[in-house]
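First comes the structure, then the notes that go with it.
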Amino acid sequence: MASFQSLPGFREFYPESLARRNHLFRCWRQSAHAYGFLEYDAPVLESLDLYKAKSGDEIEGQLFSFTDKGGREVALRPEMTPTVCRLVGAKANALKRPIKWFSIVDFFRYERMQKGRGRCFAQFNADIFGEAGPEAEIELIGLLVQCLRGLGLTADDFYVRLSDRNLWFYYLEALGFDADQARGMLGAIDKFERLGDDAFKIYTDAHGELAADTKGRIVEFLGIKTLPQLEAIVGQSDSVELSARLDDWRRVLGGLNAMGLAAFVTVDLGVVRGLAYYTGFVFEAFDRKGDLRALAGGGRYDDLVGKLGGPALPAVGFAIGDMTMELLLEQRGLLPNLVVAPDVYAVIAGAEERLAAFADINLLRAAGYRVDYPLRELGFGKQFKHAAELGARIAIIYGGEELARGVVKLRDMNKREEVEVPRSQMAEAVRDFLSA
RNA sequence: GCGACCAUAGCUCAGUUGGUUAGAGCACUAGAUUGUGAUUCUAGGGGUCGCGGGUUCGAAUCCCGUUGGUCGCCCCA
């Protein structure tokens, strides 16, 4: 056992696992670019106050925080939202709207490890600033679906549950709740899926008993799965706000339907995402088979840029975590061997042939091909074995007899066939083979 | 912060009521094979049995502690 180990909750990425992680990142980045999002980055270390301002003092217990040598209270970032709000807020008047940004970076949380959860993890974050209408939600949910589909997942593998804190507030208001009671009830609704009826105890302990009818109306609301059901129940109410909000729902679901994404999205008002800063639509993506944590989550947070010192600026965003994502892809067999293989492996007879091979190897590498060769002298059998194990598509054989005639042999590693080509045409032959 | 289970080679694991120098398969390296990838055979490297203490003539084995891991609870931005 080595004397030094990695810190608890921190992963190490040997080439095979880094290849898988890069595969995720590559797909996410490609999806974001397809949707017109621009990539940004920012410091991994931030002022502790940035997170306290957003989440309250109690957040400190879950942070990697410390005092730096200049006496500053700092923390490794546990999330991207405060940072991106600061970036956007600082230049809000100079940035073209809508502002569509994304990032793929590491985060740190001082938590106990669990399945799909560690102390250092990566997230894909995407946000739209400057659009108050539900078109921003359409664009982001579309991107979220694409990020997962791009990895090979289908509507049979995952779905997005769409909910709305505004809808809840209007509904609860119509049932006679005041603002404080409504917030308390949202906390209970957040737990309803796991605790069932016991979740209401969270509310009744703080705000007193519920009328049986009221509780029934809330449970009925929680059971809504489709837009027609929602329309039917909202239609019974005379709340103007409630029916106005229904128009936003029609726009979001209608837009996603027009994008061909209806199979990926369900109405599910059981999602409220405990965070107090969400102000409207909220959504989470889940594995359909359901034994994993949420794959992704997000929502609208129209007040946060202003709260963190910027101008008032509407915003919607979501994040996908890499750990649960990788578990799901693993379960579905969507993470094949992704280690980069060489295009060409040079098989070299001896010391003199090596110098000839070096010239060609350098030529091919400069042209952008992935080329490998043995660093030591080895028998031909061993060299071919290495070429096959590395996954090379072509072996180029530098033998004394061939070089004397000014040729090399190109071996198709899959077909086990060889052709001789003049060395002067070697690069063209490689190009033709690999592009065929 | 709380709880359960686990810890022997890089990996998966065996190891007898506590008893000689701790084993196997896979993987890795080399050779059989000095111009062609398989198979096979042979050999080799790799362990303070997670760490510390205790019981004992003797501990991988039993006891206590500790560290780490896995999984749950709390939380989940």
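Keep in mind the model is a prediction, meaning the values are calculated, not measured. Below, read A as the first sequence line, B as the second, and so on, with proteins coming before strands; counting in each chain starts at 1.
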*Could you state the CD1-P distance from A:Ile348 to B:U34, rounded to the nearest angstrom?*
18 Å
*Taking the six-membered ring for Trp, are A:Phe192 and A:Phe200 ring centroids under 6.0 Å apart?*
yes
*Can the ring centres of A:Phe108 and A:Phe66 be said to be less than 6.0 Å apart?*
no
*Kindly point out which of B:A77, B:G35, B:G37 is positioned nearest to the side chain of A:Glu79?*
B:A77
_Rounded distance in Å - CZ (A:Arg405) to C1' (B:G35)_ = 13 Å
_Salt-bridge criterion met for A:Asp157 and A:Arg288 (N-O under 4.0 Å)_ = no
*With a 4.0 Å cut-off on heavy atoms, is A:Met413 in touch with a base, just the backbone sugar-phosphate, or nothing at all?*
base
*Atom CE of A:Met323 to atom P of B:U70: distance rounded to whole Å?*
8 Å
_Spacing of the P atoms in B:A22 and B:C13 (rounded, Å)_ = 23 Å
*Just compare B:G37, B:U36, B:G69 and give me whichever is closest to any side-chain atom of A:Met113.*
B:G69
*Round to a whole Å and report the spacing from CD of A:Glu16 to C1' of B:G10.*
13 Å
*Report the relative orientation of the aromatic rings in A:Tyr301 and A:Tyr278; use parallel for angles under 30°, tilted for 30 to 60°, perpendicular for over 60°.*
perpendicular
*asked:* Taking any heavy-atom pair under 4.0 Å as a contact, classify A:Gly400: base, sugar-phosphate, or nothing.
replied: base
*asked:* Any side-chain N or O of A:Arg393 below 4.0 angstrom from OP1/OP2 of B:G37?
replied: no
*asked:* At 4.0 Å (heavy atoms only), tell me whether A:Glu418 reaches a base, stays on the sugar-phosphate, or touches nothing.
replied: base
_Would A:Arg119 and A:Tyr110 count as a cation-pi pair here, with the cationic atom under 6.0 angstrom from the ring centre and within 45° of the axis?_
yes
*Would you say the side-chain atoms of A:Asp360 and A:Tyr398 include a donor-acceptor pair closer than 3.5 Å?*
yes
_Tell me whether the side-chain N or O atoms of A:Arg416 pair up with the base of B:U36 as donor and acceptor below 3.5 Å, since no angle test is needed here._
no
*Are OP1 or OP2 of B:A77 and a side-chain N or O of A:Arg273 less than 4.0 angstrom apart?*
yes
*What about the rings of A:Phe124 and A:Phe37, do their centers lie closer together than 6.0 Å?*
no
*Sugar-phosphate, base or nothing in reach of A:Gly399, heavy atoms under 4.0 Å*: base
_Selection from B:C74, B:A77, B:G35 that lies nearest to any side-chain heavy atom of A:Arg194_ = B:C74
*Could you work out which one of B:C74, B:A77, B:G69 sits closest to the side chain of A:Arg117?*
B:C74
*Write down the distance between CD (A:Glu58) and C1' (B:A77), rounded to a whole number of angstrom.*
12 Å
*Consider the side chain of A:Arg376, meaning its heavy atoms from C-beta on, and name the nucleotide among B:A30, B:G35, B:G69 that approaches it most closely.*
B:A30
_Touch class at under 4.0 angstrom, heavy-atom based, for A:Gln383 against every strand present_ = nothing
*With both distances kept under 3.5 Å, what pairs with B:C26, Watson-Crick or G-U wobble?*
B:G10
*Contact class for A:Gly298 (heavy atom, under 4.0 Å): base, sugar-phosphate, or nothing?*
nothing
*For RNA chain B, which residues in residues 355-363 of chain A have a heavy atom at a distance below 4.0 Å?*
none
_Counting the benzene-type ring for Trp, do A:Phe221 and A:Trp168 have ring centres under 6.0 Å apart?_
yes
*Specify the residue among A:Gly116 and A:Lys409 whose closest nucleotide of RNA chain B lies further upstream toward the 5′ end.*
A:Lys409
*Interatomic distance, A:Lys115 NZ vs B:C73 P [rounded to whole Å]*: 12 Å
*asked:* Counting only Watson-Crick pairs (N1-N3 plus N6-O4 or O6-N4) and G-U wobbles (N1-O2, O6-N3), all under 3.5 Å, who is the partner of B:U70?
replied: B:A4
_Donor-acceptor pair (no angle test) under 3.5 Å: A:Arg112 side chain, B:C73 base_ = no
*For the pair made of CZ in A:Arg293 and C1' in B:G72, what is the distance, rounded to whole Å?*
10 Å
_Does A:Pro8 reach a base, just sugar-phosphate, or nothing at all? Heavy atoms under 4.0 Å._
sugar-phosphate
*Any salt bridge between A:Asp303 and A:Lys307, counting N to O under 4.0 Å?*
no
*Mind checking A:Glu402 for me? I need base, sugar-phosphate or nothing, with any heavy atom below 4.0 Å counting as a touch.*
base
*Output yes when A:Asp41 and A:Arg77 qualify as a salt bridge under the 4.0 Å nitrogen-oxygen rule, no when they do not.*
yes
*Where the side chain of A:Lys382 is defined as all heavy atoms beyond and including C-beta, which of B:G31, B:G68, B:A38 is the nearest nucleotide?*
B:G31
_Proximity to the side chain of A:Phe380 - top-ranked nucleotide from B:U36, B:G37, B:A77_ = B:U36
*Atom P, compared across B:G52 and B:U61: separation rounded to whole Å*: 12 Å
*Answer with base, sugar-phosphate or nothing: what part of the nucleic acid does A:Asp412 contact at a heavy-atom distance below 4.0 Å?*
base
*Rounded distance in Å - CD1 (A:Ile320) to C1' (B:C76)*: 17 Å
*P spacing across the pair B:C62 / B:A7, given as an integer number of angstrom*: 10 Å
